[in-house]
2 protein chains.
Amino acid sequence: MTDTKQKILDTAERLIAEQGYAATSLRHIIAEAGVNLAAIHYHFGSKEELLDEIISRKIGPVNAERVARLDQVLLESGAGPVAVEKVLEAFLMPMGEAADRTPAFVPFMGRLMAEGLLPAVIRKHMEGVFIRMVAALRRALPDLPEEEFAWRLHFMSGAMAHTMCGAGHFPELGAAEGGFRSRVGRLVTFLSAGFRAPRTAPETTEPRSEER
Amino acid sequence: MTDTKQKILDTAERLIAEQGYAATSLRHIIAEAGVNLAAIHYHFGSKEELLDEIISRKIGPVNAERVARLDQVLLESGAGPVAVEKVLEAFLMPMGEAADRTPAFVPFMGRLMAEGLLPAVIRKHMEGVFIRMVAALRRALPDLPEEEFAWRLHFMSGAMAHTMCGAGHFPELGAAEGGFRSRVGRLVTFLSAGFRAPRTAPETTEPRSEER
DNA sequence: GTCTATACTGAGATAGAC
DNA sequence: GTCTATCTCAGTATAGAC
């Protein structure tokens, strides 16, 4: 890979991690990287495709590790029950190891999630492992109604996004900066309990009658 | 309020609910509303302040209802224990009633959350009730360590954001469209179980030793 | 094959005429 | 209170230098 291309990728990843995708202009990237504006469009075609390549070059090992761990969890449990915690950990922890190798990547991904850029860009890189994780999770929770299960997956992805982003939206609440692993540990505890909760009783979904 | 201003507010709210804040240009808004571009800057000053006014005019009653319900929950429990479910419901349900009155508002707010616009705009409208809700939740969970509690609040806000947004990022998972109340009911079940989970054991936060 | 210079379109913002 | 004209900066496209 040419030096120019490399510099663009590294600089863009860092700036997007710091400021977000929308707030990072191509002109800001080229200024910091010391390259020409058109070089971005020569090497990548567009801002969106640049984003795609930043993800592509780093997400591969993470997802491979995820699949390996998920397979191991399923193997270890054999025909017996699968533990929710193990599945979630297998899916979430590999991101932390990527963070050790390349520090900007986790906040970078967190930013993208927070900005709602998953559908257009990230999904294509994540869909395979995500489906795999969902299947494992379904085996861990065979009695949960399908609709309830589907909603809980949404709750999970929301919580994941905000956790990876780090700061979250209410910094004054004092989210102490633990390492990524401790953060994921707490998230796994929280989500596992949520997934294991009994189905929602129908009357909970009714409007409350009393008014104040 | 002048008719021009009203038309801008209504049109902008609808378009942002449909397409998101970033994707909705002022020129698109004025075209649909049938007004002049400069009218937006005359009445509101900027796109951001327009956003602020759309929120301001609707969030008031919602937050008043939230405070009323939170107070009622605390009153009913007196000196006894407070139920997590009651607190979360008191905070989340009033949004659903706003949805009945003005259908575009919930997806509008969901979009903003999904786009990560909370810190700049929404926080100032929500901070008061949020702090109040956090205090009530703390009373419901007196034994949870502060740091664990803080993280769980982050997990909650992430899950909330994605839930309000409706579709979420993985539509192929088949999130059936229940009404807002059933959705909130499921969310309350999930979050309550998560909040009540025992503290995360330290060893869960350690790196796993085995590799595949 | 790589990279530079420059121009095009559409965004939000602003000044000043009416 | 409203509208026209214009400014700056964004992402994008292309012609041509090396």
Side-chain angles (χ1 to χ4, degrees), chain A residues 1-57 108 111-112 114-122 124, chain B residues 1-57 108 111-112 114-122 124:
Chain A
M1 189 184 309
T2 162
D3 189 51
T4 301
K5 194 173 177 181
Q6 190 71 50
K7 272 192 296 190
I8 293 171
L9 285 168
D10 291 339
T11 308
E13 179 179 330
R14 180 172 54 80
L15 289 178
I16 291 172
E18 290 168 6
Q19 313 172 332
Y21 175 74
T24 304
S25 72
L26 296 182
R27 284 169 174 86
H28 188 172
I29 295 170
I30 60 152
E32 294 243 346
V35 301
N36 186 275
L37 175 59
I40 289 184
H41 290 94
Y42 171 73
H43 286 290
F44 306 100
S46 70
K47 189 183 182 184
E48 206 177 309
E49 288 170 283
L50 165 60
L51 188 67
D52 199 81
E53 273 224 32
I54 298 172
I55 300 168
S56 294
R57 66 170 184 168
F108 167 85
R111 281 284 189 178
L112 298 194
E115 285 183 83
L117 293 165
L118 289 190
V121 185
I122 304 179
K124 84 179 211 202
Chain B
M1 190 182 310
T2 162
D3 189 52
T4 300
K5 195 173 177 182
Q6 188 71 50
K7 273 193 296 190
I8 293 171
L9 285 168
D10 291 339
T11 309
E13 179 179 331
R14 181 172 54 80
L15 289 177
I16 291 172
E18 289 168 7
Q19 313 171 334
Y21 175 74
T24 303
S25 71
L26 296 183
R27 284 167 174 85
H28 189 172
I29 295 169
I30 60 151
E32 295 243 346
V35 301
N36 186 275
L37 175 58
I40 290 185
H41 290 95
Y42 172 74
H43 285 290
F44 305 100
S46 71
K47 191 183 181 184
E48 207 176 307
E49 287 169 285
L50 166 61
L51 189 66
D52 198 81
E53 274 223 33
I54 297 172
I55 300 168
S56 294
R57 66 169 185 168
F108 167 85
R111 281 285 189 179
L112 297 194
E115 285 183 82
L117 293 166
L118 290 192
V121 185
I122 303 179
K124 85 177 208 202

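Residue numbers start from 1 in every chain, and the chains themselves are labelled A, B, ... in the order their sequence lines are given, proteins ahead of strands. These numbers come from the heavy atoms of this one structure, side chains and all, not from hydrogens, waters or symmetry mates.
Of the candidate nucleotides dT2(D), dA11(C), dG11(D), dT2(D) has the atom nearest to the side chain of Thr2(B). Relative to the side chain of Arg27(A), the nucleotides dT2(C), dG12(C), dT12(D) differ in distance, and dT12(D) lies closest. Listed candidates were dA11(C), dT4(C), dC3(D). Nearest to the side chain of Asn36(B) is dC3(D).
Within the nucleic acid shown, Leu37(B) comes within 4.0 Å of at least one base atom, counting heavy atoms only. Looking at heavy-atom distances under 4.0 Å, Ala38(B) makes contact with a base.
Considering only side-chain N and O atoms, Tyr42(A) lies under 4.0 angstrom from the phosphate OP1 or OP2 of dT2(C).
Residue whose closest nucleotide on DNA chain C sits further toward the 5' end, between Ala39(A) and His41(B): Ala39(A).
Between Glu53(A) and Arg57(A), none of the side-chain N atoms (NZ, or NE/NH1/NH2) sits under 4.0 Å from a carboxylate O, so this pair counts as no salt bridge.
Separating the CE atom of Met1(A) from the P atom of dG1(C) is a distance of 16 Å, rounded to the nearest angstrom. Distance Glu48(B) CD to dA13(C) P: 8 Å, rounded to the nearest Å. We find that CG of Asp3(B) is positioned 14 Å from C1' of dT2(D), with the value rounded to whole Å. Put simply, CD1 on Ile30(A) is 10 Å from P on dA5(C), counting in whole angstrom units. If you measure from atom CG of Leu15(A) to atom C1' of dA10(D), you get 16 Å, rounded to the nearest angstrom. Straight-line distance from the CD atom of Glu49(B) to the P atom of dT14(C): 10 Å, rounded to whole Å. Summarising the geometry, the separation between NE2 on His28(A) and P on dA10(D) is reported as 10 Å, rounded to the nearest angstrom. Atom NZ in Lys47(A) sits about 18 Å away from atom P in dG10(C), given to the nearest Å.
In this structure, the separation between CZ on Arg14(B) and OG1 on Thr24(B) is 10.0 Å, given to the nearest 0.5 Å. Note that the OG1 atom of Thr2(A) and the NZ atom of Lys7(A) stand 8.5 Å from one another [nearest 0.5 Å]. The line from CZ of Phe44(B) to CG of Leu51(B) is 11.0 Å long, rounded to the nearest 0.5 Å. To the nearest 0.5 angstrom, Ile30(A) atom CD1 is 9.0 Å from Ile8(A) atom CD1.
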